[in-house]
Structure formats: structure tokens, C-alpha cells
J.: 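Here you go, one structure.
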Amino acid sequence: MNSTDQLGRFLQTRRAQLRPADVGLRTFGERRRVPGLRRDELAQLAGVSQSYYTRLEQGLSLNASAEVLDAIARALRLDETECRHLHDLAGVVRKGGRSRPRRPVPERVTEATRQLIEALGDTPAIVLGRRSDVLAWNRTGHALFAGHLDPDSPEQPARRPNTARLVFLDAHTRDLYEDWPRKARDAVGKLRLAVGEYPDDPALAALIGELAMHSPEFSSLWSEHRVRAWDIAKHRMRHPLVGYLDVLQQAIPVPGEQGQRIVVVTAPAGSSSQTALALLAQATAPSPSLGPSPGPDLDLAGAASGVRTVAAPGSVLIR
């Protein structure tokens, strides 16, 4: 991934997304030849010369100071995450296009992290890496996000699920989120953030190329150059076993492991969504030595939502 091109495209795209009225500029009804702000208008708002800003967009100026980048970020109305992304892209350009080793260290999950997600008990949790690969999950995390996949797949790097790949290329995951377009934007925005932080990761570049080739929706969103922070997100999920859930997904950085995050899923106390999560945990618990395990015809979704649900013939709900 060419860092100079990434910086220029980010600036051009964000400039095109701003209208003069958004930043208090009057156009007096003149016919404009470009969408959004012109370079001279953005430069004026940022307090830099037009020629300097043009060189920055074209990748010809490699020494933009933090103060200048902050001024441009303010002019573009960037939020904190987008501003940090701009600094990441410009920092890589200043250092000759590479700021990290060409071959990033393989990702692994420490025993401490494994103990932490297991200690969460029935609360769903997954560990994601810098490329959104699933590095580990607890039993309910697997059941909630990808019960149709092999629970041991995160243990094998070549088979690890990737949440962005699942969002765009996996029918189960597409159906899992009621507001799939918002989830898709979040997935793309987090990959954009990763490109700024890990520009020399060949596996990341390969993932982006794969998604662009196989998903027109990904390609369209990728061209917008939007970034998203890893923080807290509300989602309405429709799980094939327990029905609808309104949940919070919170991303917590893993201490000492750059780029790793634990995503923990919770629901309001006493809510039907919390009941549904409890039913999911119960349904996927290891079978006791005595007594039958829940069968596929157990109407857990009906118990959670009051609506009877019937699995389609031949469908797999939890593996």
C-alpha cells in the first residue's frame, strides 16, 4: 500500500465531502466545477498556502508539522480518530513510506488473555487482532458471532475467521445484524484505521484486495476513506437460535499486545436481551454426564422473545 497515495486520497476524499456551506463559505451562486471544497478554500481555512496544500495532497511535501496537520484536520472537520489517522498517514510519508518492520510479528494470544476471556463466564467475548482476525473466543462468544464455524478455527492462523471478511462475504453474519449497512461501515472504517497504523502488513493488503475483488459494497465504502474507532457500539442482532438481542459491543485494548482488543458483549440487566444471552449460554453449555442436551427443536428464541421460531430444514444453528 503506497503511503503517499493513501495520504493524498484521504485528503482529496474528505475535502470533496465538505460543502462550502458546511464551513461558512459563501458561493454567491457560482457554478462549481468540483464537488465539495476547492483546494484554495481548504488551504484558506487551514491557514496554509494553496501551493503548500496542493503539494501535500500530491505527496510532494514530506515534512508537514503536527501543527499544520492539526490545522488541516480542523478545516476538514475531522474527529479525534480521523485526526490521528491523518497523522499516521503523514508520519509514514515523512519516514520514507515505512515506519514499521516490513513483516509484522505474528499475532498470538497470551495465557493471561485466555484466562481473562474465560473468566468472563457466560458473557460473550472474542479477541481480535490488528487485521480484525479472531485470535480467540470463549464459548458464548463463538456461539453468538459464529456458531456455524469450527470453534477451534482461531487456533490455526491459516483458518482464523476475520470479522471484516465475515461481514461482507458470509451470509450468516450478514443476517446476524439488523442494521447491516452500519456494521459494514464500521468494519471498513476499522480496516482504514489499521492501514494507517500498519502500512507494511502484507496480509492486511491481501485482505483488502480480496474484499475489494469479491464485494462491490466493500469497494464502494473503501473509496470513502472513512475511519472508525474501536470503542463502544450498539447493535440489534437477530440470532438464529435465541432471536433478537439489543447489545453493547465494547472493545478493550489488550495490555502489552499492540493492536489486539477484547470485544465484550453485554445487554441491559433484566432485559429480554439479557435473557436471550443467558439462554444462548445454556443451550451451548457442555452436556452434563446425566440427562439429554438441548435438541435442535428447543424453542429458545420463543422463550426469549415470546415468538415461536422454527429452523429451516437442514439449517445449522449452533455447531
Side-chain angles (χ1 to χ4, degrees), residues 79-82 109 113-130 132-149 154 161-164 166-168 170 172-194 221 226-255 257 259-285 300-301 303-307 318:
D79 62 25
E80 182 179 349
T81 301
E82 294 165 335
V109 178
T113 300
R114 292 187 187 278
Q115 290 179 16
L116 178 56
I117 62 173
E118 290 303 324
L120 291 171
D122 290 341
T123 300
I126 62 175
V127 182
L128 299 181
R130 57 179 174 263
S132 300
D133 291 332
V134 178
L135 306 181
W137 46 28
N138 62 10
R139 174 175 50 81
T140 46
H142 165 251
L144 179 63
F145 288 106
H148 62 304
L149 300 182
N162 177 277
T163 56
L166 289 174
V167 165
F168 285 96
D170 180 73
H172 171 94
T173 305
R174 182 181 286 259
D175 290 341
L176 190 60
Y177 290 91
E178 185 171 73
D179 190 353
W180 181 85
R182 182 167 71 89
K183 180 63 178 178
R185 290 193 297 272
D186 287 349
V188 172
K190 289 165 184 174
L191 283 183
R192 269 287 175 201
L193 203 60
L221 290 171
R226 297 282 185 179
V227 295
R228 289 288 188 276
W230 289 86
D231 45 25
I232 300 177
K234 293 183 179 180
H235 289 288
R236 184 166 176 81
M237 305 178 77
R238 46 190 178 200
H239 196 275
L241 188 56
V242 296
Y244 284 92
L245 310 93
D246 293 300
V247 300
L248 278 179
Q249 296 182 10
Q250 303 184 57
I252 305 168
V254 177
E257 298 295 331
Q260 290 189 20
R261 296 167 179 86
I262 299 175
V263 177
V264 181
V265 181
T266 58
S271 66
S272 60
S273 297
Q274 186 185 53
T275 300
L277 287 178
L279 288 169
L280 181 63
Q282 176 187 347
T284 58
L300 293 179
S305 64
V307 178
I318 295 292

J.: Ignoring hydrogens and angles, tell me if any N or O in the side chain of E82 forms a donor-acceptor pair with the backbone of D79 under 3.5 Å.
T.: yes
J.: Locate the shortest heavy-atom distance separating I126 from F145; write the atom from each residue and the value.
T.: CG2-CD1, 3.9 Å
J.: My understanding is that only residues two or more places apart in sequence, or in another chain, count here; which of them pass salt bridge (charged side-chain N to carboxylate O under 4.0 Å, His left out) with R228?
T.: D186
J.: Could you give me the CA-CA distance, side-chain angles and deciding distance for L277 and T140, then say whether side chain to side chain contact (heavy atoms under 4.5 Å, CB included) is met?
T.: CA-CA 8 Å; L277 287 178; T140 46; over 6 Å; no
J.: Quick one: pull up CG in N138 and CZ in R114 and give me the separation to the nearest 0.5 Å.
T.: 12.0 Å
J.: Do any pairs count as a salt bridge (charged side-chain N to carboxylate O under 4.0 Å, His left out) and have a residue in residues 242-252, sequence neighbours left out, and if so which ones?
T.: R236-D246
J.: Any donor-acceptor pair under 3.5 Å linking the side chain of S132 with the backbone of T163?
T.: no
J.: List the atom of A251, the atom of P253, and the distance in Å for their closest heavy-atom pair.
T.: O-CD, 4.0 Å
J.: Identify, with sequence neighbours excluded, every residue that meets ring pair (Phe, Tyr, Trp, His ring centres under 6.0 Å) alongside F168.
T.: W180, F218
J.: Which salt bridge (charged side-chain N to carboxylate O under 4.0 Å, His left out) pairs, counting each pair once, include a residue from residues 133-143, with sequence neighbours left out?
T.: D122-R139, R131-D133
J.: Test side chain to side chain contact (heavy atoms under 4.5 Å, CB included) on L221 and R185 and set out the steps.
T.: CA-CA 7 Å; L221 290 171; R185 290 193 297 272; 3.7 Å; yes
J.: Are the side chain of H142 and the backbone N or O of L149 linked by a donor-acceptor pair below 3.5 Å?
T.: yes
J.: Heavy atoms only: give me the nearest A229-K190 pair and the separation to one decimal.
T.: O-CE, 3.7 Å
J.: Which heavy atom of L144 sits nearest to which heavy atom of L176, and what is that distance?
T.: O-CD2, 3.6 Å
J.: Between M237 and Y177, is a side chain to side chain contact (heavy atoms under 4.5 Å, CB included) present by the stated rule, with each step listed?
T.: CA-CA 5 Å; M237 305 178 77; Y177 290 91; 4.0 Å; yes
J.: Does any N or O in the side chain of H239 come within less than 3.5 Å of the main-chain N or O of A143, such that one atom is a donor and the other an acceptor?
T.: yes
J.: For the residue pair V167 and A184, what are the closest heavy atoms and their distance?
T.: CG1-CA, 3.9 Å
J.: Give a yes or no answer on whether the side chain of Q274 reaches the backbone of G270 with a donor-acceptor pair at less than 3.5 Å.
T.: yes
J.: Quick one: list whatever passes salt bridge (charged side-chain N to carboxylate O under 4.0 Å, His left out) with D175, sequence neighbours left out.
T.: none
J.: Using every non-hydrogen atom in the two residues, find where S271 and P268 come nearest and quote the distance to one decimal.
T.: OG-O, 2.6 Å
J.: Residues two or more places apart in sequence or in another chain: which of them pass side-chain hydrogen bond (donor to acceptor under 3.5 Å, both in side chains) with T81?
T.: none
J.: Only one of V254, V134, L135 clears side-chain contact (heavy atoms from CB on, under 4.5 Å) with L128; which?
T.: V134
